[in-house]
Peer 1: 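I am attaching a structure below and will ask some questions about it afterwards.
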Amino acid sequence: MKVRIYYNFHKKLFSVQEKVNGSWKVVEYTKEIFLRNATFKVSEAGRQRVLKEKRKNVHAFILGERFPFIPKSFVYRDEISYNPYKGPNFMVVSEDKPLDKAKYVTIIGGKVIALIPEFKGIRI
């Protein structure tokens with residue numbers, strides 16, 4: 001099942017959206033989810049609005065296929081973050097590199113973890 005995820009600052013959880021009648025609708029809120037074939041998308045117009053208004057808005061998403069389980073440990077993993085004030089991309093924290101995709105993504109313990117990441121312009 002294809003889903004779109006974003007962090008909900010009001011609920012302090014991640015909002016999970018699915019396509020319903022052609023539109024993205026929130027179907028649940030969660031602290032943990034596991035995705036495969038994930039892509040990281042940022043609306044530049046939304047980011048510019050944040051920079052101009054100094055107010056948060058939903059403009060950054062992780063899209064992927066939902067998996068029915070959440071693995072608890074991995075050998076190769078990188079924490080991912082996004083800050084509209086630091087740049088226009090999701091970033092791999094340890095390497096300070098922009099991220100485009102990841103074979104697997106887990107959200108657990110409030111952190112986004114990429115497994116087998118693909119950096120912008122570079123296939124891993």
Side-chain angles (χ1 to χ4, degrees):
M1 169 73 59
K2 288 241 183 208
V3 295
R4 186 167 84 165
I5 312 289
Y6 66 91
Y7 186 70
N8 188 312
F9 284 98
H10 298 289
K11 295 191 179 291
K12 305 291 186 227
L13 295 168
F14 288 88
S15 293
V16 180
Q17 296 180 317
E18 292 178 1
K19 281 253 177 141
V20 177
N21 297 324
S23 298
W24 289 105
K25 302 288 183 190
V26 174
V27 295
E28 76 174 279
Y29 303 98
T30 188
K31 290 181 181 179
E32 298 183 346
I33 193 167
F34 188 67
L35 306 172
R36 73 174 175 185
N37 300 322
T39 56
F40 299 83
K41 302 289 183 185
V42 175
S43 163
E44 186 57 27
R47 179 176 172 267
Q48 290 301 319
R49 199 165 43 253
V50 168
L51 298 177
K52 180 180 175 187
E53 298 173 2
K54 303 287 188 235
R55 237 178 111 195
K56 298 172 185 166
N57 66 59
V58 178
H59 66 276
F61 302 92
I62 303 169
L63 292 91
E65 302 165 24
R66 186 175 200 161
F67 252 37
F69 62 90
I70 301 168
K72 298 291 182 187
S73 64
F74 305 94
V75 175
Y76 179 65
R77 57 188 235 155
D78 288 296
E79 185 176 343
I80 306 305
S81 71
Y82 171 71
N83 182 334
Y85 298 102
K86 290 185 177 180
N89 300 301
F90 282 84
M91 302 291 287
V92 173
V93 174
S94 64
E95 300 193 32
D96 200 31
K97 287 185 180 179
L99 186 67
D100 189 31
K101 308 179 209 182
K103 183 67 177 168
Y104 301 102
V105 169
T106 188
I107 296 173
I108 191 163
K111 295 184 180 193
V112 178
I113 306 294
L115 313 160
I116 312 175
E118 293 181 17
F119 301 107
K120 288 240 181 238
I122 302 171
R123 276 192 136 338
I124 299 289

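Numbers here are sequence positions counted from 1.
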Peer 1: Between CD of Gln17 and CD1 of Ile5, what distance do you get to the nearest 0.5 Å?
Peer 2: 8.5 Å

Peer 1: Rounded to the nearest 0.5 Å, what separation is found between the OG1 atom of Thr106 and the CZ atom of Phe34?
Peer 2: 6.0 Å

Peer 1: Would a hydrophobic clustering, with Ile, Leu, Val, Met, Phe, Trp and Tyr connected at side-chain separations under 4.5 Å, put Leu35 with Val16?
Peer 2: yes

Peer 1: Same cluster or not: are Met1 and Val27 linked, directly or through other Ile, Leu, Val, Met, Phe, Trp or Tyr residues, by side-chain heavy atoms under 4.5 angstrom apart?
Peer 2: yes

Peer 1: For residues Lys103 and Asn37, determine if any side-chain heavy atom of one lies less than 4.5 Å from a side-chain heavy atom of the other.
Peer 2: yes

Peer 1: Below 4.5 Å, heavy atoms only, C-beta onward: do Leu63 and Lys2 meet side chain to side chain?
Peer 2: no

Peer 1: Got a second to check how far Ile113's CD1 is from Ile80's CD1, nearest 0.5 Å?
Peer 2: 7.5 Å

Peer 1: Do Ile33 and Glu28 have side chains that get closer than 4.5 Å, going by heavy atoms?
Peer 2: no

Peer 1: Which heavy atom of Tyr7 sits nearest a heavy atom of Leu13, and at what distance?
Peer 2: CD1-O, 3.6 Å

Peer 1: Do you know which two heavy atoms are closest between Lys11 and Tyr29, and how far apart they sit?
Peer 2: CE-CZ, 3.3 Å

Peer 1: Give me the atom names and distance for the closest heavy-atom approach of Asn8 to Ser15.
Peer 2: ND2-OG, 3.2 Å

Peer 1: Is a donor on one side and an acceptor on the other found under 3.5 Å between the side chain of Lys111 and the backbone of Ile108?
Peer 2: no

Peer 1: Indicate yes or no for a side-chain donor-acceptor contact from Arg47 to the backbone of Gly87 under 3.5 Å, with no hydrogens or angles considered.
Peer 2: yes

Peer 1: What is the distance from atom CG of Leu51 to atom CD of Glu44, rounded to the nearest 0.5 Å?
Peer 2: 7.5 Å

Peer 1: Kindly work out whether a path of hydrophobic side-chain contacts (I/L/V/M/F/W/Y, heavy atoms less than 4.5 Å apart) joins Ile62 to Phe9.
Peer 2: yes

Peer 1: If I compare all heavy atoms of Gly46 with all of Asn57, which pair ends up nearest, and what's the gap?
Peer 2: O-ND2, 3.3 Å

Peer 1: Going only through I, L, V, M, F, W and Y residues with side-chain contacts under 4.5 Å, is there a path from Val26 to Val20?
Peer 2: no

Peer 1: Determine whether Phe90 and Val42 make a side-chain contact, defined as any pair of heavy atoms from C-beta on separated by less than 4.5 Å.
Peer 2: yes

Peer 1: Does NZ or CZ of Arg36 fall inside the cone over Phe67's six-membered ring, less than 6.0 Å from its centre and within 45° of the axis?
Peer 2: no

Peer 1: Flag the pair His59 / Tyr82 as yes when their ring centroid distance falls below 6.0 Å, and as no otherwise.
Peer 2: yes

Peer 1: Looking at every non-hydrogen atom in both residues, tell me the closest pair between Ala60 and Tyr6 and how far apart they are.
Peer 2: O-CB, 3.5 Å

Peer 1: If you compare all heavy atoms of Ala114 against all heavy atoms of Leu99, which two are closest, and at what distance to 0.1 Å?
Peer 2: CB-CD2, 4.2 Å

Peer 1: Can you measure from CG (Asp96) to CE (Met91) and round to the nearest 0.5 angstrom?
Peer 2: 4.0 Å

Peer 1: How many angstroms lie between CD in Glu32 and CD1 in Ile107, if you round to the nearest 0.5 Å?
Peer 2: 10.0 Å

